[in-house]
Amino acid sequence: MAKTATKSAEKEAKPAVATKQPTKAESAVAAKLVALYRLQHVDSMVDKIRTQRGELPLEVQDLEDEVAGLETRMNKLADDLKAAETAVSDKQNFIKDAKANIKKYEAQQSKVRNNREYDSLSKEIEFQNLEIQLAEKRIKEGKFASESKSAAVEESKQLFKDRKKDLDLKKKELDDIIAETEKEEKELAKKSSAAAGEVEERLLTAYRRIRGNARNGLAVVHMERGSCGGCFNAIPPQRQLDIASHKKIIVCEHCGRILVDDSVVNEVVGG
Ligand SMILES: [Zn+2]
């Protein structure tokens, strides 16, 4: 505290000195702040592009998931329908065979030598007729099931088609926006990694942590009219002086963002 007081007293003591030379340590911190703010500046431009793109990528993702689900359902219903139709044709073949059997038994009946053989064949014929009746009942049920399944298949096909159309539209919209901003984004990504390369590892980690936690992606903010540019809380006068003096990196006591003064901002955006 005493040291800072001395420093500011010193500053006040020689206001006439127009070209106050910063100490080596001060200029080193200033360079770090400039590098940090440059990185933030580039990353904020990337953020802006992404905000313009908005919820579209998520909407496309949701629609893709939905369409995939509808396709699975449509295929499953089609399989069910096929199975029901196969069951019906199996029963129809069964009836054909049973009718052939009946004909065969009737032919045998005309050649039997006793009543016992005749009765036995009659029982077989009766049994085959019962089987035919049962199969006919199953066919009727199967056809009914097929009809409702086929309606469900048609319905799911239509739904799939509609949602697929929505998806294609949204995808195109997104592709157009991406195409428009892709070049700019690539250049910014290059600039961002170049800027990040100028920031020391420890500060870069802090920057990414603060940026990750901040909703607006701001980790380094401009101190404007004595307030934090991130949370807009007032910064105490002594802290304002510390920020401007570039003796060390100062964070906002409310939101934890790194604060920079006009001179750092101007160095980056060229004001
Ligand atoms: Zn703040």
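Numbering of residues begins at 1 and proceeds along the displayed sequence. The structure presented is a predicted model; accordingly, all values stated were derived computationally and were not measured. One-based numbering, in listed order, for ligands and for the atoms of each.
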Give the table of side-chain donor-acceptor pairs shorter than 3.5 Å for residues 139-146, with sequence neighbours excluded, one pair per line with atom names and distance.
| from | atom 1 | to | atom 2 | distance (Å) |
| --- | --- | --- | --- | --- |
| Glu141 | OE1 | Arg138 | NH1 | 3.1 |
| Ser146 | OG | Gly142 | O | 3.0 |

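Within the protein, the number of N, O or S atoms lying under 2.8 Å from the Zn ion (ligand 1) is 4.
None of Val220, Val221, Val260, Leu33 except one satisfies the side chain to side chain contact (heavy atoms under 4.5 Å, CB included) rule with Val265; the exception is Val260.
The side-chain heavy atoms of Arg257 and Leu259, taken from C-beta on, include no pair separated by under 4.5 Å.
With sequence neighbours excluded, the residues forming a side-chain hydrogen bond (donor to acceptor under 3.5 Å, both in side chains) with Asp166 are Arg163, listed by chain and number. Remark: Lys164 pairs with Asp168 by the side-chain hydrogen bond (donor to acceptor under 3.5 Å, both in side chains) rule, at least two apart or across chains.
With 3.5 Å as the limit, one finds no donor-acceptor pair spanning the side chains of Gln133 and Asn129.
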